[in-house]
Amino acid sequence: MKHVNEKCAVCGGELVEKEVEKLLRGGNHMASLKVSAEVCLHCGERFYSPLTVEKFEKIENELESGDVDHFQAVGRAFQVAASF
Ligand SMILES: [Zn+2]
């Protein structure tokens, strides 16, 4: 964990740089990826660099268009009825 100079834009809390898992969705597909983010120790808000956000958008577009052949499948996603 690395401390960051900036403060949380939401609550002013202390930020640390951490590797986090981010879940992305596009169309019927989902992908998770590990990225580094600045995480607020106080409220838990995550802040991503503009480059990381760009990457999210690219991946979401690929998921949306079904262009997922180059992603590694790690399991199947299921939807469970709320009455379950
Ligand atoms: Zn905060």
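Counting starts at 1 for both ligands and their atoms, in listed order.
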Can you tell me the angle formed at the Zn ion (ligand 1) by SG of Cys8 and SG of Cys11, to 10°?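 Value returned, to the nearest 10°, is 110°.
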Metal-centred angle, SG of Cys43 through the Zn ion (ligand 1) to SG of Cys40, rounded to 10 degrees: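 Computed angle, vertex at the Zn ion (ligand 1), rounded to 10 degrees: 110°.
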Say you draw a straight line from CZ of Phe47 to SG of Cys8; how long is it, rounded to the nearest 0.5 Å?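 Spacing of CZ (Phe47) from SG (Cys8) equals 4.0 Å.
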Leu63: which of Arg25, His29, Lys58 passes side chain to side chain contact (heavy atoms under 4.5 Å, CB included): His29
Looking at side-chain heavy atoms only, is the closest gap between Phe71 and Leu33 below 4.5 Å?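 Not in contact.
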Under 4.5 Å between any side-chain heavy atoms of Val35 and Val20, yes or no? yes
If the cut-off is 2.8 Å, does any N/O/S atom of His42 fall short of it from the Zn ion (ligand 1)? no
